[in-house]
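Ligands are counted one by one from 1 in listed order, and the atoms in each one are counted from 1 as well.
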Amino acid sequence: MKIVIVGPGAMGTLLAAILSKSKEEVWILDKNKERALKINQNGIIIEGISGNRQLTVKVAAKPEDIGQADLVIICVKSYHTKDAILNAKPIIGENTGILTLQNGIGNIEIISEVAGAEKVIGGVTSHGATLIDAGSVRHAGRGETVIGRIDGKIPVQMRSIREIFNQVGLETRISRDIKGLLWSKLIINVGINALTAVTRLNNGRLMEFEGTRRILREAVTEATRIAKRKRIKLIYDDPLAKVEAVCEATATNISSMLQDVLKKRRTEIDFINGVIVRQGQELGIPVPVNSVLVDLVKTIEASYNVTLPD
Ligand code: PAF
């Protein structure tokens, strides 16, 4: 199987490193020519819970240099999904599967619009990764990966992906209700990401302060109301207890949104709390806490270069 990972961010680099252990042909597609060249020359360095090693991987800046892929894994930030999939068109053939393991809600829809819904596989992963430098990644946490199609169908190709992932130690299963899984992950991100980005606290410390505990609870309650109205079946019974448990389990993590803010990068707020705000407006359900979180994060993004006068 020819597997092409689009975007060498933290998750893309981690997957490239782990999947390179398989007998499959693994490529990275990176639009950034300089970075592609650097990773081609230096290879990938992986450290952390799966051991330290350096490996070579094929990287291309132009999709035409790769040829048709059997599986494309989209690992870019959600706001780059449309550009990434348009750019990847030359490697997408009739039987190419496109897997998204990105954060938030909306990526499956964007990819489907460009490439056709029948090709798209959604997924969530609990692996934690931090990008140290281009091509260099720390594997920070291990967990299950779950994949599935919006229509619940399980084509042979999806079983092959599961087999390859499991062979290299990426514990993977298939679900017929990927929407429920994506929303279950969304609610965790709704509770943690924006609040850590605003307060600059790591995940665990959100539990230490009465104020952050209260805001987290309200944000999660609003999101759960939306999910309930949309008849989405979450994979846990008590969403608040689940989000609090994730804060404890990932206590020392700097959430992906806080990492973005610290590096003055655009965040995925529109695909996380922004989803709750838009759905709230559509369904007539008040979501004031998520609205404030979106406004605060957007203000932080817009004022990265503002400095206070002495
Ligand atoms: O986005 C993240 O950082 C992660 O999904 C999570 C679960 C909040 C842990 O840091």
Does CD belonging to E64 count more than 12 external heavy atoms closer than 6.0 Å? yes
Among protein heavy atoms, which sits nearest to atom 8 (C) of ligand 1, and what does the distance come to when rounded to 0.1 Å? N193 OD1, 3.2 Å
OG1 of T81 to CD1 of I111, rounded to nearest 0.5 Å, is 6.0 Å
Around atom 1 (O) of ligand 1, find the nearest protein heavy atom and jot down its residue, atom name and distance. S256 OG, 2.6 Å
Does M257 come within less than 4.0 Å of ligand 1, judged by its heavy atoms? no
Is any side-chain heavy atom of I85 closer than 4.5 Å to one of I92? yes
Report yes if some heavy atom in the side chain of L181 is under 4.5 Å from a heavy atom in the side chain of I178; otherwise report no. yes
Do T250 and ligand 1 have an N or O pair less than 3.5 Å apart? no
Is there any N or O on S255 that sits under 3.5 Å from an N or O of ligand 1? no
In ligand 1, the atoms that come under 4.0 Å of a heavy atom of N103 are 1 (O)
Protein contact to atom 9 (C) of ligand 1 [nearest heavy atom, distance to 0.1 Å]: N203 ND2, 3.3 Å
Looking at non-hydrogen atoms alone, which of I254, L186, N189 comes nearest to atom 5 (O) of ligand 1? N189
Could you tell me if the side chain of E208 sits less than 4.5 Å from the side chain of L201, heavy atoms only? no
Might you confirm whether atom CG of N52 has over 12 heavy atoms from other residues, nucleotides or ligands at distances under 6.0 Å? yes
